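Heads up, the thing below is written out as structure tokens.
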Amino acid sequence: MKQGGSFLDDLNDVQRKAVQCTEGPVMIVAGAGSGKTRVLTYRIAYLMKKGVDSFNILALTFTNKAAKEMKERVRRIVGGNEAKNLWMGTFHSVFSRILRAEHIKLGYPQNFTIYDTDDSRSLIKEILREQQLDEKIYKPNMVLSRISHAKNNLMSASSYNNNPQILEDDTLSGKPKLGLVYRIYQKRLFKSAAMDFDDLLYNTNVLLRDHSDILVKYQHRFKYILVDEYQDTNFSQYVIVKQLAAAFRNICVVGDDAQSIYAFRGANIQNILNFEKDYPEISTFKLEQNYRSTNTIVNAANSVIKNNTEQLPKTVWTKNPAGEKIKVMKAVSDNEEGHLVAKGIFDLKMNTGAFNKDFAVLYRTNAQSRAMEEALRKHSISYKIYGGLSFYHRKEIKDILAYFRLVINANDEESLKRVINYPTRGIGETSLHKLILAATDHDVSTWTVMENISDFNLDISTVTKNRIGDFVTMIKSHSNKLMKLNAYDLGHEIATASGLLKELYNDKTPEGVSRFENVQELLNGLKEFSEGADPAISLPDEEKKENAKKLRTLEEYMADIALLTDADEDDEDDLDRVSLMTIHASKGLEFPNVFLVGLEENLFPSQYALTSRPELEEERRLFYVAVTRAEYRLNLSFAETRYRWGSLVQCEVSRFIAELDQDCLDYGVKRKKKDKLNEEESDYPVKREKTFRASSSNSGTKYATTKPGRSTDKKNLLKMSMVQLTPPKTFDNSHLKDLQIGMTVEHERFGKGEVIAMDGKYPNSKATVNFVLNGQKSLLIKFARLKIVS
DNA sequence: GTGTAATGCTATTGG
DNA sequence: AGCATTACAC
């Protein structure tokens, strides 16, 4: 560790001021790549060096992995063991811990289950069936998001049902029973001793609102609060933070309004825009210098985001060299796009010595990953998909976890439904529904009915009743061992005794073998956990400190399994892989080379986001996030046709490409100003003269150190200068070279119109056309396929 | 109650 | 195209 605060020398002026301003409310507006994580880390380290007890610091991050990494970085600066006591994690993991600690106040058991979205959806469907509501009108996902929004705005089921405006809206939209469904849903969750994701935040609010002793306790516990990615917090999270910070007002939020991309799940950009109103004495710091990307990428990003209206004023700039232009690739189909990307990665690896891990392929929707995967496989390029079907979402894993959940909390109805007849033990759907119905009628959990089945007058055969009894006995016998066996021993016992392991073992199909292996992998994880490995989410826990060698139980293991995503997982064997992920999942990450694919209207921007300005602006921020992930090279691509919903769809290039500063782009068309080459297109890679100017002005950043290849020796410069992707086949637009103001043109979709302005030089020129039917449009003539009429 | 075949629906984005 | 739900035969 460095001496006497000299670690602050790693920071620029603004960063250092932001770190040292420890008292009172602070807002740090951090542009993309401006060293935000560094500031947060150093700020925490600085607090600790100043003598603040690490127990009094709470840092809320966007992923558990980010928390883990930040903790590790703090530890490296301050040394010793103190960093272990920092409270760092996502809102959900931190407050689920607090809810377990304070469960009595809410009337929940300590071992409540956390329902994931699948559980919630399944419960909603069950309720819809019971209420005989048509799933086509009450679409489960829609119902779910409606309830979710209500909770995130701290609206309870009763206030929902007492709000005339909402009732009127629901009635007008033909769904007057939504409030009823919400009410029943909450009741069923409670009966199952379960909370969904939103409840974790909602109930934290209830806890802090209704129990002033608890509020005061945590206000004094967390004297210093830091919130990362503040632009993506919702109202419920906002109120929690506001409550906790009310006593000491040492609240530091870090965010970038330009990177707010979670409005769809309730994130409220106003939280950051209004922060100044909540805390008039606020100190604001703007981190505007970008250390991550080339000047070209920074300029391109700026040129896009300025199309948004609602923004905090700031200017992101960089001292980094211009670097290469952003390549734009056009593909005939989604498969060809995959091929171009794979080929592009292959070439860059050859030419710059980059590794697989230096590449990311980013897309708007998970469905796009397939074409990319296939192409990468064909090129033997190793990759890893983030998001999509994560480990914990696989059927076999969910099955075994359902057994664990049931053993821990037998009232957990979703788990019960999942495993009561898997492996099959002769308790079929009819019997199950009789049980559930009886439970609802008597206002108890389904498990209670099963436990006391003879007390209920049920029309179920004696054979089946005995089977139910056997099942109850089996689960109970495991529950009795929760505190006696460690997580692995009990977990293994459950997997065996339930017959699940055998069931999977007997399936010798390749898929079956893989399922069996997955369960084994989970059990291995249990073993490591039982033997003392850090859990995936590690938060300080006073209880644990008292008896350090306490048994590591299954209950502990399961406490926040539902909160894990595969972004939180560390990779094991093969670390050198291309990363494939959605843009959302890429937030906060950076890669030397980024391929951003699927730049097509109705895909990106999404077809669902074209109805309103705020939605389109969110898409644009998403594009901004994608562009700013790249350090050195950015490739944009789009396909002319794409398979969607099983059929071939024609695509049009995304408006976002036209919004970019065209000087930053390279359309792959040979264009040499001085020594003119022939004009015709070529399908072969072409040597280009320059690109990477090594600049010396920028030092002290990792820019100089992580450059692909070794250093800037001549060989490498030459190699870099050779980087060139196969130029995409372009629409023959040579006849548009002489397009002039006043001409009449025809467009496939927009019809006829008159050219009223021309911008830029051919072939990157932009024409503004006033279409007779569709009004004024600005078109890149390269893509617009305009025909000159007169 | 169980297993298989046909049907129909869907897929932003995610903790 | 893939998956979940439903229909129907055992």
Side-chain angles (χ1 to χ4, degrees), chain A residues 60-67 89-96 114-122 125 129 135-136 139-141 144-145 148 151-152 195-201 229 232-234 236-237 260-267 334 362-371 386-390 392-393 395 420-433 460-461 463-464 467 537 560-568 581-587 598 602-611 615 618-619 621-623 625-626 642-649:
Chain A
L60 296 163
T61 57
F62 199 69
T63 63
N64 291 299
K65 192 184 179 191
T90 62
F91 273 89
H92 290 88
S93 51
V94 167
F95 294 112
S96 73
I114 300 172
Y115 271 11
D116 66 19
T117 313
D118 290 339
D119 298 321
S120 298
R121 193 180 296 115
S122 159
K125 283 187 177 178
R129 261 197 303 273
E135 279 197 18
K136 278 167 196 140
K139 292 202 177 114
N141 281 332
L144 215 47
S145 94
S148 172
K151 286 188 194 175
N152 286 331
M195 296 192 195
D196 68 14
F197 288 133
D198 303 315
D199 284 338
L200 296 176
L201 306 174
E229 309 285 10
D232 287 325
T233 54
N234 59 38
S236 181
Q237 293 168 318
S260 158
I261 55 175
Y262 281 96
F264 74 90
R265 74 173 196 220
D334 44 359
L362 306 182
Y363 35 78
R364 176 66 238 265
T365 66
N366 281 308
Q368 290 167 258
S369 72
R370 186 169 296 273
Y386 293 80
L389 250 205
S390 86
Y392 295 103
H393 282 271
K395 182 188 176 299
I420 189 170
N421 202 29
Y422 179 76
T424 50
R425 46 176 73 89
I427 310 172
E429 211 144 327
T430 351
S431 306
L432 178 60
H433 272 102
I460 293 176
S461 73
V463 195
T464 311
R467 287 171 181 157
I537 296 176
D560 21 41
I561 278 288
L563 304 176
L564 282 182
T565 63
D566 59 356
D568 298 324
M581 63 184 87
T582 62
I583 302 163
H584 283 91
S586 77
K587 194 174 75 157
N602 297 323
L603 181 60
F604 193 22
S606 157
Q607 59 207 333
Y608 303 98
L610 297 174
T611 47
E615 284 175 319
E618 174 145 319
E619 292 288 303
R621 292 192 294 271
L622 195 55
F623 184 61
V625 168
R642 177 179 297 278
Y643 275 95
R644 298 181 85 182
W645 303 283
S647 57
L648 203 61
V649 175

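So you know, we letter chains A, B, ... as the sequences are listed, proteins then strands, and number each from 1. Predicted model only: the values in this text are computed from it and were never measured. Every heavy atom of this structure was used, including side-chain atoms; hydrogens, water molecules and symmetry mates were not.
Between C:dT6 and B:dA11, the two P atoms lie 15 Å apart (nearest whole Å).
Comment: A:Arg370 does not engage A:Asp334 in a salt bridge, judged by the lack of any side-chain N to carboxylate O separation of less than 4.0 angstrom.
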Between the protein and nucleotides 5-8 of chain C, which nitrogen or oxygen pairs are less than 3.5 angstrom apart?
| from | atom 1 | to | atom 2 | distance (Å) |
| --- | --- | --- | --- | --- |
| C:dT5 | OP1 | A:Lys125 | NZ | 3.2 |

Which protein N or O atoms sit under 3.5 Å from an N or O of nucleotides 1-6 of chain B?
| from | atom 1 | to | atom 2 | distance (Å) |
| --- | --- | --- | --- | --- |
| B:dG1 | OP1 | A:Ser431 | OG | 2.5 |
| B:dG1 | OP2 | A:Thr430 | OG1 | 2.3 |
| B:dT2 | OP1 | A:Gly426 | N | 3.2 |
| B:dT2 | OP2 | A:Asn421 | ND2 | 3.0 |

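Sequence order on DNA chain B of the closest nucleotides to A:Lys136 and A:Thr582 puts A:Lys136 first from the 5' end.
Between A:Phe91 and A:Phe62, the distance from one ring center to the other does not fall under 6.0 angstrom. Aromatic rings from A:His584 and A:Phe264 are positioned such that their centres are separated by under 6.0 Å.
Which of B:dG15, B:dT13, B:dA11 sits closest to the side chain of A:Ala367 comes down to B:dA11.
No engagement by A:Phe62 is indicated, since no non-hydrogen atom pair under 4.0 Å with the nucleic acid exists.
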(request) Determine, step by step, whether A:Thr582 and A:Thr365 satisfy the side-chain contact (heavy atoms from CB on, under 4.5 Å) criterion, reporting the C-alpha distance in whole Å, the side-chain angles of both residues, the deciding distance to 0.1 Å, and the verdict. (result) CA-CA 6 Å; A:Thr582 62; A:Thr365 66; over 6 Å; no
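A donor-acceptor contact closer than 3.5 angstrom links the side chains of A:Thr464 and A:Ser461.
Stacking of the aromatic ring of A:Phe264 onto the base of B:dT13 is found: the ring centres lie under 5.5 Å apart and the planes are inclined by under 30°.
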